[in-house]
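Contents: one structure, followed by commentary.
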Amino acid sequence: MRSFTINYKSTKTEIVFGNYINVLKKTLKNKRFIIICDKNIFLLYPEIEKLSSVICINAGEKQKSLNTVEYLYSELIKLNADRTTNIVAIGGGITCDIAGYVASTFYRGLPFILIPTTLLAMTDAAIGGKNGVNYKNHKNIIGIISQPETIIIDKNFLETLPEEEYRNGIAEIIKHAIISGDDFFNKLKNNKSQKINDEILRLSIQTKVKFVTADEKEKGLRRILNFGHTFGHIIEISKNLKHGEAVGIGMVLASKISENLNKCNAATTDKTIKMLEYYNLPTTCKLDFKNFEKLLTYDKKNDNKYLHFVFIEKIGKVVVERISRKTIIRVLSKVIS
Ligand code: ADP
Ligand code: ZN
């Protein structure tokens with residue numbers, strides 16, 4: 001069992017790698033815990049039922065709602081959860097986000113443990129303390145930043161993860177490698193198996209940890225993690241693509257925009273494209289400029305005239321700059337025409 005500690009300003013989280021049942025038993029000892037579990041995971045891993053009381057939820061953006069939060073509160077009351085009960089979330093990003101929110105608000109906050117079961121959640125969603133749900137059409141608009149006591153990374157869950165969900169996670173790992181620099185980037189590039197090994201998983205997690213601990217409330221440095229996401233979110237919604245696929249295309253667009261504004265050279269964009277291709281991720285799709293122009297206005301991270309855009313200068317040097325929406329739209333029209 002290997003582990004390391006994430007030190008936040010006022011709290012800390014232990015990341016432990018290993019068999020989740022062994023780690024859970026060792027971590028919680030005789031403490032009472034209730035499991036909030038993705039229903040698909042519950043069906044695939046019947047041993048979960050033997051661990052403790054389990055409340056199942058469906059993992060979908062539609063279910064990531066206040067209705068599910070209310071359902072979970074009422075189930076917790078039925079199970080006589082009290083201030084000393086620990087919550088254990090087992091599932092992908094959606095389950096971890098909802099369960100983290102419920103745990104952080106029930107009795108004004110119960111201790112919780114996250115056991116992410118998707119590659120995306122292991123390297124990205126479970127780390128950083130963002131918990132919450134959607135409201136009406138607004139993604140993640142209700143939430144809280146609060147850290148789990150422990151995150152357990154058990155790679156065995158990836159054995160049952162569907163291929164498209166696996167690729168979804170790889171896109172964020174590529175993003176972490178681009179942000180991190182040549183060492184990590186080259187390891188990912190030269191990874192013959194195209195499957196994420198322990199070292200790559202650890203490097204990806206450490207990159208995310210580095211940025212979230214430097215900026216817990218997402219005021220500055222953490223914005224670098226949004227590389228590829230300004231356009232990625234628009235593509236995800238308008239093209240109905242998986243988050244990772246859309247972010248991959250978003251990173252290529254962000255790189256081309258950086259190129260156009262003389263911040264990076266074509267070779268940098270090419271490196272990103274080749275990496276995405278190597279991991280069977282799309283690098284482009286048919287984009288409707290008018291739609292982009294309209295939707296760019298509604299990105300919640302923008303004020304009206306300006307937005308914080310994440311540019312790339314080279315592998316390992318990604319920078320955030322405030323730039324006028326007009327300029328981005330002008331350059332984008334060149335890039336996607
Ligand atoms: P994320 O937000 O991390 O991308 P989600 O919570 O949206 O993941 O889950 C994506 C889908 O994958 C859901 O249908 C979920 O039930 C399923 N899933 C999650 N983990 C696994 C796993 N280890 N094996 C099989 N299916 C899984
Ligand atoms: Zn993302």
Side-chain angles (χ1 to χ4, degrees), residues 19-20 35-48 54 56-65 68 89-101 114-128 130-134 139-140 143 151-179 195-196 201 204-205 207-208 211-212 218 222-237 240-251 253-254 276 281 299-301 310 318:
N19 173 276
Y20 75 104
I35 297 171
I36 297 177
C37 189
D38 175 333
K39 197 171 177 184
N40 289 335
I41 291 290
F42 186 72
L43 296 172
L44 286 165
Y45 298 85
E47 73 269 15
I48 292 174
V54 183
C56 279
I57 55 174
N58 288 312
E61 284 298 331
K62 280 229 165 63
Q63 282 84 29
K64 198 177 162 182
S65 68
T68 305
I90 311 181
I94 291 189
T95 308
C96 291
D97 272 14
I98 304 173
Y101 181 74
L114 299 180
I115 307 181
T117 60
T118 63
L119 188 57
L120 182 75
M122 287 179 193
T123 59
D124 190 13
I127 299 153
K130 280 191 188 176
N131 309 284
V133 293
N134 305 327
K139 247 184 125 173
N140 297 326
I151 300 170
I152 304 174
I153 307 285
D154 185 343
K155 262 184 74 190
N156 281 328
F157 279 113
L158 301 178
E159 304 277 317
T160 55
L161 191 68
E163 179 60 32
E164 58 163 7
E165 294 297 337
Y166 195 87
R167 272 193 285 129
N168 196 28
I170 292 186
E172 300 283 356
I173 295 177
I174 294 176
K175 181 193 77 181
H176 288 159
I178 291 172
I179 293 171
K195 287 279 167 204
I196 298 306
L201 193 61
S204 181
I205 291 172
T207 306
K208 172 94 189 213
F211 284 93
V212 295
E218 202 173 18
R222 192 164 170 166
R223 287 198 177 114
I224 286 178
L225 293 166
N226 283 333
F227 181 54
H229 281 63
T230 300
F231 296 129
H233 283 144
I234 296 175
I235 296 166
E236 186 179 352
I237 295 163
N240 209 5
L241 288 175
K242 300 285 305 173
H243 181 74
E245 294 173 328
V247 166
I249 298 169
M251 289 194 289
L253 280 179
L276 290 165
L281 281 153
D299 185 316
K300 73 168 188 270
K301 293 189 175 74
V310 194
V318 168

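Quick caveat: nothing in here was measured; it's all calculated off a predicted structure. Every number for a ligand or one of its atoms is a count from 1 in the order of the listing. Atom set for the values below is all heavy atoms of this structure, side chains included, hydrogens, waters and symmetry mates excluded.
- For Glu165 (side chain) and Pro162 (main-chain N/O), no donor-acceptor pair under 3.5 Å exists by modelled atom type.
- Shortest contact from atom 1 (P) of ligand 1 to any protein heavy atom: Gly93 N, 3.4 Å.
- Within His243, NE2 is the N, O or S atom that lies nearest to the Zn ion (ligand 2).
- Annotation: atom 4 (O) of ligand 1 to nearest protein heavy atom, Leu120 CD2, 3.2 Å.
- A donor-acceptor distance shorter than 3.5 angstrom exists from the side chain of Asn168 to the backbone of Gly244, with no hydrogens or angles considered.
- Among the atoms of Asp124, none of the N, O or S atoms falls under 2.8 Å from the Zn ion (ligand 2).
- With Thr117 contributing its side chain and Phe157 its backbone, the two residues share no donor-acceptor pair below 3.5 Å.
- Nearest approach of Tyr20 to Ile90, heavy atoms of both residues: CE1-CD1, 4.3 Å.
- In His229, the N, O or S atom that comes nearest to the Zn ion (ligand 2) is NE2.
- In this structure, the protein non-hydrogen atom closest to atom 24 (N) of ligand 1 is Thr160 OG1, 2.7 Å.
- Around the NZ atom of Lys39, the shell of radius 6.0 Å holds no more than 12 heavy atoms that belong to other residues, nucleotides or ligands.
- Nearest to the Zn ion (ligand 2), among the N, O or S atoms that Glu172 has, is OE2.
- Contacts of Asn40 with ligand 1, taken as heavy-atom pairs under 4.0 Å, involve the side chain alone.
- Thr160 and Tyr45 form a side-chain donor-acceptor contact under 3.5 Å, judged by distance and modelled atom types alone.
- The nearest protein atom to atom 20 (N) of ligand 1, hydrogens excluded, is given as Thr117 OG1, 2.8 Å; this is a heavy-atom distance.
- Distances from atom 9 (O) of ligand 1 to the heavy atoms of Ile98, Thr118, Ile90 show the closest one on Thr118.
- Residues His229 and Glu172 bring a donor and an acceptor atom of their side chains to less than 3.5 Å of each other.
- At the top of the distance list for atom 27 (C) of ligand 1, counting protein heavy atoms only, stands Leu161 CD1, 3.8 Å.
- For the pair Thr95 and ligand 1, the shortest N or O to N or O distance does not fall below 3.5 Å.
- Checked options Ile170, Ile249, Ile174; the residue passing with Leu276 is Ile174 (criterion: side chain to side chain contact (heavy atoms under 4.5 Å, CB included)).
- Between the side chain of Lys64 and the main chain of Asn134, no donor-acceptor pair closer than 3.5 Å is present.
- At a heavy-atom cutoff of 4.0 Å, ligand 1 is contacted by the side chain of Ile41 but not by its backbone.
- Of all atoms in ligand 1, numbered sequentially from 1 with element shown, those under 4.0 Å from a heavy atom of Phe157 are 22 (C), 23 (N).
- Residue contact check: Ile94 has heavy atoms under 4.0 Å from atoms 2 (O), 6 (O), 7 (O) of ligand 1.
- Ligand 1 lies within reach of Pro162, whose nearest heavy atom is under 4.0 Å from it.
- Contact annotation: for Asp38 versus ligand 1, heavy atoms closer than 4.0 Å belong to the side chain alone.
- Ion pairing of Glu164 with Arg167 is absent here, as no side-chain N (NZ or NE/NH1/NH2) approaches a carboxylate O to less than 4.0 Å.
- Those atoms of ligand 1 with a heavy atom of Ala121 less than 4.0 angstrom away are 3 (O).
- Within the listing of ligand 1, atoms 4 (O) sit less than 4.0 angstrom from a heavy atom of Asn168.
- Ile173 is listed as a side-chain neighbour of Ile196, based on a closest heavy-atom distance under 4.5 Å.
- Taking only nitrogen or oxygen atoms, main chain and side chain alike, Ala59 does not reach within less than 3.5 Å of ligand 1.
- Across all their heavy atoms, Ile234 and Thr230 have their closest contact at CG1-O, 3.6 Å.
- Near Leu44, with a cut-off below 4.0 Å to any heavy atom, the atoms of ligand 1 are 24 (N), 25 (C).
- Remark: side-chain polar atoms of Lys175 are paired, donor with acceptor, to backbone N or O of Leu225 under 3.5 angstrom.
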